[in-house]
Colleague: 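This is the structure, below, for whatever I ask next.
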Amino acid sequence: MQLSGLGYFGLRTGRIDQWRTFAEDVLGLRVTTTDDGLLLRADERAWRIALHEADTEAFGYVGWEVPGPAELASAVAELETAGVTVKHADDELLRQRDVLGLIHIEDPNGIRVEIFHGARTAVTPFVSPTGARFVTGDQGLGHVVFNVGDFEATYRFYTQLLGFRPSDFCDLGRKRIAFLHTNPRHHSLAFAGLVIDPERKPKKDIDPGELFHFMLEADDYDTVGYAYDRAQDSGTPIALTLGRHSNDRMLSFYAVTPSGFEVEYGYGAITVSDPWTATRVDGTSLWGHRRPERQGA
Ligand SMILES: [Fe+2]
């Protein structure tokens, strides 16, 4: 299976109004209102992130794109041969996602994984309220990072079934993070699980399938700086200060979204091409990316 990249994702939230302000004023995304929430636009696509009104803050679904109907049909055949239960979208779901074809499956953590083709390109240009432009195109929207329960099962699911390839790994204490690519973006997906002494209870409960953060890549260094200022000026909690990642070389900061998980806002990541040899880094950042309470400590 060859996925084109991250197409979209959806979240459930009880904080629609906060999200509207955060998405427009801090992230520089274009917001439209729907029957049950908001759609956020980052490029020529009609939407990239959907927010659905709910009682809780939760990850909803992630949409991985394939080039067309033939690729979707062969993805279904591969999944069914592997014994995976594949559900086909009805007309209502196709209309909601605004795509031509869609199936959905569940990953080993209960994450709803959608595979689709035929997203709609808007006829109006993307105009960011903050002047931001995002790197998408053949690299897809950006990346999503999850906490997972069973690292090995999750790794097999995404590499053997969905065709992701490893870019690198990072070991942090008892935790291992896998960074996976499916196009030139260094990673469209990453996940972290306890691999060392997994029986020992972690200090903080890990909720498998929980979204840790999503990433948007701007096409300009200053766009990140302006967003960093706007985040701080608006009182948005900064999760990690400005810094540079050791593996994809992304210059970024992390802010806490209204839902409580984080968004990485970055610029300047390297791209990868296959064949690629995955290595292992022993820290996620070259410099910066500090928890604000540790600043100056
Ligand atoms: Fe990231």
Side-chain angles (χ1 to χ4, degrees), residues 5-9 11 22-23 26-29 40 42 48-49 59 62-64 109 111 132 134-136 139-148 151 154-155 158 164-173 175-193 206 209-219 221 223-225 227-228 231 236-257 259-272 276 278-292:
L6 176 62
Y8 59 75
F9 61 88
L11 310 169
F22 180 72
V26 177
L27 304 180
L29 300 171
L40 312 183
R48 288 290 198 173
I49 301 170
F59 186 77
V62 54
W64 299 104
N109 309 282
I111 295 167
F134 298 98
V135 178
T136 57
Q139 296 193 53
L141 172 60
H143 67 231
V144 281
V145 181
F146 296 97
N147 288 316
V148 302
F151 182 90
T154 306
Y155 188 78
Y158 283 104
F164 282 88
R165 298 172 296 283
S167 300
D168 45 51
F169 300 92
C170 179
D171 279 2
L172 292 175
K175 197 163 75 171
R176 177 164 297 158
I177 312 172
F179 297 87
L180 306 179
H181 67 269
T182 189
N183 61 36
R185 187 177 293 288
H186 176 277
H187 57 284
S188 295
L189 171 71
F191 52 85
I206 289 180
E210 176 186 65
L211 180 69
F212 169 46
H213 73 261
F214 69 90
M215 186 282 296
L216 296 173
E217 183 176 5
D219 73 345
Y221 184 98
T223 302
V224 177
Y228 194 44
T236 301
I238 300 297
L240 293 176
T241 60
L242 201 63
R244 187 151 223 151
H245 277 307
S246 51
N247 57 354
D248 66 0
R249 304 280 156 157
M250 181 82 75
L251 177 103
S252 60
F253 72 92
Y254 288 62
V256 181
T257 69
S259 290
F261 54 76
E262 296 169 14
V263 56
E264 177 182 10
Y265 202 87
Y267 161 77
I270 60 163
T271 54
V272 297
W276 177 267
T279 59
R280 192 160 56 90
V281 289
D282 60 4
T284 54
S285 303
L286 298 174
W287 55 265
H289 286 151
R290 297 182 176 199
R291 297 270 164 205

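FYI, side chains are in, hydrogens and waters are out, and symmetry mates aren't considered; it's all heavy atoms of this structure. All ligand and atom numbering here is 1-based and tracks the order in the structure. What you see is a predicted model, and the numbers here were worked out from it, not measured in a lab.
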Colleague: Please assess His143 against His187 for the test ring pair (Phe, Tyr, Trp, His ring centres under 6.0 Å), listing each intermediate value before the final yes or no.
Modeller: CA-CA 6 Å; His143 67 231; His187 57 284; 4.0 Å; yes
Colleague: Are Arg249 and Glu217 ion-paired here, with the side-chain N under 4.0 Å from a carboxylate O?
Modeller: no
Colleague: Hey, do the aromatic rings of Phe146 and Phe212 have their centres closer than 6.0 Å?
Modeller: no
Colleague: Check the pair Asn183 / Gln139 against side chain to side chain donor-acceptor pair (under 3.5 Å), numbers first and verdict last.
Modeller: CA-CA 6 Å; Asn183 61 36; Gln139 296 193 53; over 6 Å; no
Colleague: Nearest heavy-atom pair of His245 and Thr284: which atoms, and what distance?
Modeller: ND1-O, 2.9 Å
Colleague: Under 2.8 Å from the Fe ion (ligand 1), protein N/O/S atom count?
Modeller: 3
Colleague: Determine, for Arg280 against Asp168, whether the closest basic-nitrogen to carboxylate-oxygen distance falls under 4.0 angstrom.
Modeller: no
